[in-house]
Amino acid sequence: MKKIFLNEDWQFARLPDGVFPVASESDWKTVTLPHTWYSDGDQYRGLAVYCKTVAVDPAWQRLYLEFDGADQVCHVFINGEFIGEHRGGYARFRFPVPEKALENGKLRIDVYLDNSLNPQVSPSFGDFTVFGGLYRSVSLLAVGEDHFDYCYYGTNGIIARAGIEDDGTGLITLESHVRTGKPDAVIVYTLSGPDGRIAAGCTVPAGEITRLTVSEPVLWNGQKGAGLYQLQAALMVNGTAVDETDLRLGFRSITINPDEGLRLNGERIKLRGVAMHQDRAFVFSAVTEQQIDKDFGLLREIGANAVRLSHYQHAQHTYDCCDEYGFLAWAEIPMLKMTEDAALLSNAQEQLKELILQNIHHPSVFCWGIQNEIGMFRDEPFMHKECRALASLAKSCDPCRLVTAANLYNVKFSSPLNAITDMVGYNLYFGWYYGKMQDYSKYLDAFHEAQPKMPIGISEYGVDANPRLHAEEPEVRDYSEEYQSLFHETVYPIFESKGYLWGSFVWNMFDFSSDRRNEGGVKFLNAKGLVSHDRTLRKDAFYYYKAVWSQEPFVHICSRRFVRRCRETIDVKVYTNQPEVTLAVNGKEVERSTNNGNGTVIFHDIVLQPGENHIRALYGGCSDECIFEHVEFEEESYRLSEEAGGMVRNWFLSDDDTVKEGCYSIMDTAEDLLNAARPVLEKYVPNLVAVLDQDAIPLGLSMKSILARELKDDPDAMVCINDALHKIKKEF
């Protein structure tokens, strides 16, 4: 097989009138792939077309047109002839080029893409942007008459399932898919070890399932040693190799226990994870391999050992990096809103097959995620049925890996959604959207008691932080860098203290695009990242995790962007993985203090002189420095105004006043209140009830969060609703 990249010189045009399949000859522009048409200033969702003409090489016998990703619904024409449709924006797919098209001397390729909201294609909902575009590479694959089946769910025709037997033997089950009419066609498999030496091999008839064994395999052992094997497969006809392909794979065992968590190759390992989208400022989803490499450089710097690849299939290079650098990877499909539409459910199954079969050889992938927060809208019996079907499909494709799902706060412990998969994660936001930071402890203990047979982890947790906002006394929803730091250094030790918890994933490693957002002083951005959207700024919380995860010696002075201070004395906080830190102010050593065991050293009541104060923290060969300026008045730009998307403070009730023991309140979910207190809602907010009945708003949200938007100009109505709900007792 020969690969010809087609990334240069595409003609692109939007088709807002939905013209199909012929595009207007006006308003074309030349683009290079990867490309997305999205920009924050022009969030177009609709139909567009990419066109390119390719000269035919006379040596080409058979061609496949390959898309590494096309967002979201794709129709492809060659020389005016429709050759295929693909529904789903994240998996690789291919179409055979009609043989008669090769006779014309050139191929006119027209690719129509539509990223309009489509209830039959996932994701149909989500707190991230569906960008649109040919945002990964497009190629031609030139093959001979006999070749591997490159249309088998976007794979190279070889499915390799690697595992370890009870006696420690490495076992690879090999399944081949070929296109040949030759009865004597065979496949020669050759497995090379990490040292490059031949470890195993065999020759079998094409299409036949076979197995390779390695008696003492070098294990893929995460960051302790990512041993990788190279599998080569040659399709042979009459003793001649007519097609070849290869895969990298590894041997490792993954088990999970509800009391002990995860084991990698028999050794307990707690996942110190971060989640990430395929998204970067200015280029959005059209990231390059070089940019992915830089992201993994930051993951390695922070000291994480796991990554949740949210919320869809990522580029193959991302999985390759996970393999090489030893990151355990959670891979998932974009099922974020489940309805009873049969087409949507069929599409989810197709995306799950593509995800698994294209990535089953990656040893870094330890679980397949089948849904994220579908209970946000409702928790219905049909969801349980369909999730069982997805879990069963995942097991049929890959019997050895774990299947998982991410639920959220409103999903009750007793829900069947917590009994379908091998493990579950919970997306929890105590201390941000609800409750207090310390609530994680009792909540997790309560789940473990209620579901003692289900392994539990944290699939998301975090808070938004705008690095230009600061506070001497940070508080919830002030969007300050200081509150984000306080949150993580308070919450993460709770996770570490729970021996049964298999791990956690910070939401998120990087700020990412969300075209529905306008909060915290920034538009179109979810700012929960530890690193800025453009990767130029590591927020303080990044260094907290580096302090508790990484072995690389460092010290970091926090709040360095909080330069202008009006207090005469301040506390100076330092994150470090060193045992102690010395603080110097204006060239004079003022104090030495020890690490509190949570990556933190705090120097209290440090006096600031008028004007600039040079602050330096050091230990051994590690040092950091910054400037704090003592000013007369508080810097107003450090605080968020309500007009800039800030929170309205003290607008109706404190959390303590909102809840009445044994009764309903606005803290309950919209779904629970529609079922138990509909007359109250119909009396005060009838129009909202009509909207809720249409599933236009996630019913898993607390009524408080919904009413905060609906009644932001009428806080008294919120109090009246809450008082009326207090009169309705809960039945247990």
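Below, each value reflects all heavy atoms present in this structure, side chains not excepted, and no hydrogens, waters or symmetry copies.
Under the 4.5 Å side-chain criterion, counting only non-hydrogen atoms from C-beta, Leu309 is in contact with Met276. Put simply, the side chain of Ser702 does not reach to within 4.5 Å of the side chain of Met667, judged on heavy atoms. Contact annotation: the side chain of Leu674 approaches that of Val689 to within less than 4.5 Å [non-hydrogen atoms, C-beta and beyond]. Annotation: side chain of Phe505 is not in contact with side chain of Ile458 (no heavy-atom distance under 4.5 Å). In this structure, the side chains of Leu444 and Tyr426 stay at 4.5 Å or more apart for every pair of heavy atoms. The shortest side-chain heavy-atom distance between Tyr461 and Phe487 falls under the 4.5 Å cut-off. Inter-residue side-chain proximity for Leu530 and Leu298 is flagged as unmet; no heavy-atom pair is nearer than 4.5 Å. Within the 4.5 Å cutoff, no side-chain heavy atoms of Leu328 are placed close to those of Asn305.
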Exercise. Stepwise, does the side-chain hydrogen bond (donor to acceptor under 3.5 Å, both in side chains) test hold for Asn407 with Asn418?
Worked result: CA-CA 8 Å; Asn407 291 323; Asn418 285 322; 2.9 Å; yes

For this session: Just do the ring-ring contact (aromatic ring centres under 6.0 Å, His included) check on His488 and Tyr544 with the steps written out, would you?
Result: CA-CA 8 Å; His488 284 289; Tyr544 166 70; 7.4 Å; no

For this session: Before giving the answer on side-chain hydrogen bond (donor to acceptor under 3.5 Å, both in side chains), spell out for Trp220 and Asp323 the whole-Å C-alpha distance, their side-chain angles and the decisive distance to 0.1 Å.
Result: CA-CA 8 Å; Trp220 187 92; Asp323 290 344; 4.9 Å; no

For this session: Could you please spell out the steps behind the side-chain hydrogen bond (donor to acceptor under 3.5 Å, both in side chains) verdict for Asn675 and Glu671?
Result: CA-CA 6 Å; Asn675 292 331; Glu671 182 176 14; 4.8 Å; no

For this session: Could you please spell out the steps behind the salt bridge (charged side-chain N to carboxylate O under 4.0 Å, His left out) verdict for Asp259 and Lys453?
Result: CA-CA 8 Å; Asp259 295 317; Lys453 295 182 179 180; over 6 Å; no

For this session: Take Cys322 and Phe296, measure what side-chain contact (heavy atoms from CB on, under 4.5 Å) needs, and give me the verdict at the end.
Result: CA-CA 8 Å; Cys322 290; Phe296 273 90; 3.7 Å; yes

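Checked against a 6.0 Å centroid threshold, the rings of Phe430 and Tyr434 count as neighbours. In this structure, the ring of His277 has its center no less than 6.0 angstrom from the ring center of His314. Separation of the Trp507 and Phe512 ring centroids falls under the 6.0 Å cut-off.
Under the 3.5 Å distance criterion, the side-chain polar atoms of Gln484 are matched with a main-chain donor or acceptor of Gly529. The backbone N or O of Asp515 lies less than 3.5 Å from a partner atom in the side chain of Thr129, making a donor-acceptor pair. The backbone N or O of Tyr483 sits less than 3.5 Å from a side-chain atom of Ser480, completing a donor-acceptor pair. Arg272 places no side-chain N or O within donor-acceptor distance of the main-chain N or O of Ala306, the cut-off being under 3.5 Å. The backbone N or O of Glu373 sits less than 3.5 Å from a side-chain atom of Gln371, completing a donor-acceptor pair. The backbone N or O of Met718 lies less than 3.5 Å from no partner atom in the side chain of Asn722, so there is not a single donor-acceptor pair. A donor-acceptor contact shorter than 3.5 Å links the side chain of Lys539 to the backbone of Ala465. Panel note: side chain Asp464, backbone Tyr479; no donor-acceptor pair is recorded below 3.5 Å. Within the 3.5 Å criterion, the main-chain N or O of Lys395 finds no donor-acceptor partner in the side chain of Asp398. In this structure, the side chain of Asp478 does not engage the main chain of Ala471 through any donor-acceptor pair within 3.5 Å.
Here the shortest heavy-atom pairing between Glu481 and Asp540 reads OE2-N, 3.0 Å. Gly425 and Ser459 make their closest contact through C-OG, 3.1 Å (heavy atoms, listed as atom of the first residue, atom of the second, distance). Considering all non-hydrogen atoms of both residues, Tyr684 and Ala724 come closest at CE1-CB, 4.2 Å. The minimum heavy-atom distance linking Tyr664 with Lys729 is given by the pair CE1-O, 3.9 Å. The two residues Met376 and Leu408 have their closest heavy-atom pair at N-CD2, 3.6 Å. Taking both residues in full, the closest heavy atoms of Val476 and Gly431 are given as CG2-O, 3.2 Å, listed atom of the first, atom of the second, then distance.
Distance check, rounded to the nearest 0.5 Å: OG1 of Thr339 to CD of Glu386 gives 9.5 Å. Rounding to the nearest 0.5 Å places CD1 of Ile494 at 9.0 Å from CE of Met437. With rounding to the nearest 0.5 Å, the separation of CG in Asp668 from SG in Cys663 is 10.0 Å. Distance check, rounded to the nearest 0.5 Å: CD1 of Ile269 to CD of Gln223 gives 7.5 Å. If you take NE2 on His533 and OG on Ser513, they are separated by 5.5 Å, rounding to the nearest 0.5 Å. The CG atom of Leu352 sits 5.0 Å away from the CG atom of Leu393 when rounded to the nearest 0.5 Å.
Between Phe413 and Phe447, the ring planes are perpendicular. Angles over 60° get that label, and only those under 30° would be called parallel. The aromatic rings of Tyr545 and Trp549 are tilted relative to each other, their planes meeting at an angle between 30° and 60°. Relative orientation of the Tyr312 and Tyr90 rings is parallel, given thresholds of 30° and 60° on the angle between their planes.
Note on Lys528 versus Glu460: no salt bridge recorded, every NZ/NE/NH1/NH2 to OD/OE distance being 4.0 Å or above. Salt-bridge annotation for Asp445 and Lys498: present, with a side-chain N of the basic residue lying under 4.0 Å from a carboxylate O of the acidic one.
Side-chain contact annotation: Arg308 with Asn372, donor-acceptor N/O pair under 3.5 Å present. For the residue pair Gln313 and Glu354, no side-chain donor N or O sits within less than 3.5 Å of a side-chain acceptor on the partner. Between the side chains of Ser415 and Asp379, a donor-acceptor pair is found at a separation under 3.5 Å. Judged by distance alone, the side chains of Ser514 and Asp127 do bring a donor and an acceptor atom under 3.5 Å apart.
Shown are Asn427, Thr669, Leu428; of these, the side chain to side chain contact (heavy atoms under 4.5 Å, CB included) with Tyr409 is made only by Leu428.
A cation-pi contact, defined as under 6.0 Å to the ring centre and within 45° of the axis, links Lys337 to Phe377. Judged by the 6.0 Å and 45° rule, Lys704 forms no cation-pi pair with Tyr433. For the pair Arg516 and Phe125, the cation sits on the ring face: its NZ or CZ lies under 6.0 Å from the ring centre, inside 45° of the axis. For the pair Arg517 and Phe524, the cation does not sit on the ring face, since its NZ or CZ is not both under 6.0 Å from the ring centre and inside 45° of the axis.
More than 12 heavy atoms of other residues, nucleotides or ligands sit less than 6.0 Å from atom NZ of Lys270. Other residues, nucleotides and ligands contribute over 12 non-hydrogen atoms within 6.0 Å of the CD atom of Glu682.
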